[in-house]
Student: 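Structure below; questions to follow.
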Amino acid sequence: MCDKVELRPVVESDLDAFDAAFQNRSGASEYQWFGFTPTQGQREALRTRGLLAGSDNMLAVVADGELAGRVEWLERRWGRRDTSLCWEIAIGILPALRGKGIGTRAQRELVSYLFAHTRVERIQATTDPENRAELTCLRKIGFVEEGTVRRAQWRDGRWHDQVLFSVLRDDAE
């Protein structure tokens, strides 16, 4: 267990660490390995907007002063563009630091940050029904399970269901 988990803006060396850690099956985990993917887009977004204030955003997770991973939030909509925006969050913890509660604390911090600094009413997350660690984490930080989205994610040569969770602004308060 670590004493302090913080979020901070991403720097170039963080992206290097993420590329090294997450560009293979064991580093990404079986639930986040989508094959080799280019990361030039992330680097361009870092240069132009600091990976903030866009439709896809990222902050670094730091545990006890050490880079531990990243949290992301992406625009999602449930209807009209101007009235239905919500955020969908995701997380990637470096393999050596998993299982220490860092992901739970980081996602809790991200939810607080997003409700404090954006006007969304809803934050959602999805995960594989077999990803016990993330299922536990989302429930622990107040997300409500809404149901299963059938065959929503192509990964490892087949379609996978995803469990949809959400937390509303009132739930977080």
Side-chain angles (χ1 to χ4, degrees), residues 1-76 87-117 123-143 152-157 160 162-165 167:
M1 190 67 137
C2 64
D3 291 325
K4 189 173 184 182
V5 174
E6 300 174 293
L7 305 180
R8 66 156 170 76
V10 171
V11 297
E12 188 84 22
S13 61
D14 297 338
L15 293 181
D16 295 339
F18 300 152
D19 282 353
F22 301 137
Q23 284 291 330
N24 60 63
R25 179 185 303 276
S26 62
S29 88
E30 66 183 293
Y31 305 114
Q32 291 296 314
W33 174 243
F34 299 99
F36 296 106
T37 56
T39 59
Q40 295 89 341
Q42 287 179 338
R43 292 176 188 280
E44 180 62 24
L46 178 63
R47 279 190 290 282
T48 59
R49 59 181 177 83
L51 281 166
L52 301 168
S55 59
D56 57 337
N57 308 279
M58 184 185 299
L59 288 170
V61 176
V62 177
D64 292 338
E66 177 185 350
L67 180 66
R70 65 185 182 206
V71 289
E72 300 174 72
W73 64 103
L74 315 159
E75 280 188 6
R76 296 293 187 253
W87 295 119
E88 184 166 320
I89 66 170
I91 189 164
I93 297 296
L94 298 174
L97 298 171
R98 292 180 188 147
K100 300 176 186 283
I102 296 168
T104 299
R105 291 168 67 187
Q107 288 182 100
R108 182 180 289 125
E109 189 68 27
L110 179 59
V111 167
S112 295
Y113 175 83
L114 292 173
F115 281 139
H117 298 286
I123 297 171
Q124 65 185 39
T126 61
T127 193
D128 191 284
E130 295 177 14
N131 187 345
R132 298 287 175 228
E134 184 65 357
L135 292 168
T136 300
C137 171
L138 292 170
R139 291 178 179 125
K140 188 182 291 187
I141 63 174
F143 277 72
Q153 186 180 85
W154 179 259
R155 186 176 81 254
D156 201 24
H160 295 263
Q162 293 290 285
V163 182
L164 176 63
F165 287 84
V167 63

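The first residue of the sequence shown is numbered 1, and numbering continues consecutively from there.
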Student: Looking at Glu6 and Arg8, is any side-chain nitrogen of the basic one under 4.0 Å from a carboxylate oxygen of the acidic one?
Tutor: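 So Arg8 does not pair with Glu6 through a salt bridge.
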Student: How far apart are the C-alpha atoms of Val61 and Leu94, what are their side-chain angles, what is the distance that settles it, and do they pass the side-chain contact (heavy atoms from CB on, under 4.5 Å) test?
Tutor: CA-CA 10 Å; Val61 176; Leu94 298 174; over 6 Å; no
Student: CG of Leu46 to CG of Asp14: how many Å apart, nearest 0.5 Å?
Tutor: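 Between Leu46 CG and Asp14 CG, I get 8.5 Å after rounding to 0.5 Å.
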Student: Could you grab the distance from atom CG of Leu67 to atom CG of Leu97, nearest 0.5 Å is fine?
Tutor: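 Separation between the atoms: 8.5 Å.
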Student: So does Asp64 pair up with Lys100, basic N to acidic O under 4.0 Å?
Tutor: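 Salt bridge absent between Asp64 and Lys100.
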Student: How close do Gln153 and Tyr31 get, counting heavy atoms only, and between which atoms?
Tutor: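 Heavy atoms of Gln153 and Tyr31 come nearest at OE1-O, 4.1 Å.
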Student: Do Ile91 and Glu134 touch side chain to side chain, with heavy atoms closer than 4.5 Å?
Tutor: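 Counting from C-beta outward, Ile91 and Glu134 do come under 4.5 Å.
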Student: Check whether any side-chain heavy atom of Arg155 sits under 4.5 Å from a side-chain heavy atom of Asp128, and report yes or no.
Tutor: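 Counting from C-beta outward, Arg155 and Asp128 do come under 4.5 Å.
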Student: Could you check whether any side-chain heavy atom of Gln124 comes within less than 4.5 Å of a side-chain heavy atom of Phe165, counting everything from C-beta outward?
Tutor: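 No, too far: nothing below the 4.5 Å cut-off.
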Student: Which residues satisfy the ring-ring contact (aromatic ring centres under 6.0 Å, His included) test with Phe36, sequence neighbours excluded?
Tutor: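 For Phe36 the ring-ring contact (aromatic ring centres under 6.0 Å, His included) partners, ignoring immediate neighbours, are Trp33.
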Student: Would you give the length of the straight line joining atom CD of Glu72 to atom CG of Leu110, rounded to the nearest 0.5 angstrom?
Tutor: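 It comes to 10.0 Å.
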Student: Pro95 and Ala21: which non-hydrogen atoms are nearest, and at how many Å?
Tutor: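 For Pro95 and Ala21, the tightest heavy-atom pair comes out as CD-CB, 4.1 Å.
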Student: Calculate, to the nearest 0.5 Å, the distance between atoms CG and CD belonging to Asp56 and Glu88 respectively.
Tutor: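 Going from CG on Asp56 over to CD on Glu88, the span is 12.5 Å.
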Student: For the residue pair Leu52 and Leu59, establish whether any side-chain heavy-atom pair is separated by less than 4.5 Å.
Tutor: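 The answer is yes; the side chains approach within 4.5 Å.
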Student: Let's go through Phe143 and Gln107 carefully: what are the C-alpha distance in whole Å and the side-chain angles of both, what is the deciding distance for side-chain contact (heavy atoms from CB on, under 4.5 Å) to 0.1 Å, and is it a yes or a no?
Tutor: CA-CA 11 Å; Phe143 277 72; Gln107 288 182 100; over 6 Å; no
Student: Closest heavy-atom contact between Trp73 and Ile89?
Tutor: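 What the structure gives for the nearest pair is CB-CG2, 4.2 Å.
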Student: Determine the minimum heavy-atom distance between Pro129 and Leu135, stating which atoms define it.
Tutor: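 Reported closest heavy-atom pair: O-CD1, 3.3 Å.
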Student: If you compare all heavy atoms of Leu164 against all heavy atoms of Thr126, which two are closest, and at what distance to 0.1 Å?
Tutor: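 Looking at all heavy atoms of both residues, the closest pair is CD1-CG2, 3.8 Å.
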Student: Could you tell me which non-hydrogen atom of Asp16 sits nearest to which non-hydrogen atom of Arg43, and how far apart they are?
Tutor: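 Between these two residues, the closest heavy atoms are OD1-NH2, 3.0 Å.
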Student: More than 12 heavy atoms of other residues, nucleotides or ligands under 6.0 Å from CD of Glu66: is that the case?
Tutor: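 No, not enclosed.
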Student: State, with a plain yes or no, whether a side-chain heavy atom of Thr39 is found less than 4.5 Å away from one of Gln23.
Tutor: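 Side-chain contact under 4.5 Å: yes.
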Student: Provide the full list of salt bridge (Lys or Arg N to Asp or Glu O under 4.0 Å) pairs with a residue in residues 102-111, sequence neighbours left out, each pair given once.
Tutor: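 Listed once each, the pairs would be none.
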Student: Using 0.5 Å steps for rounding, measure from the CG atom of Leu15 to the CD atom of Gln42.
Tutor: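 Between atom CG of Leu15 and atom CD of Gln42 there are 6.0 Å.
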Student: Taking it one step at a time, do Phe18 and Met58 satisfy side-chain contact (heavy atoms from CB on, under 4.5 Å)?
Tutor: CA-CA 12 Å; Phe18 300 152; Met58 184 185 299; 3.9 Å; yes
Student: Nearest 0.5 Å, please: how far is CZ in Arg49 from CG in Asn57?
Tutor: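 It is 5.5 Å, given to the nearest 0.5 Å.
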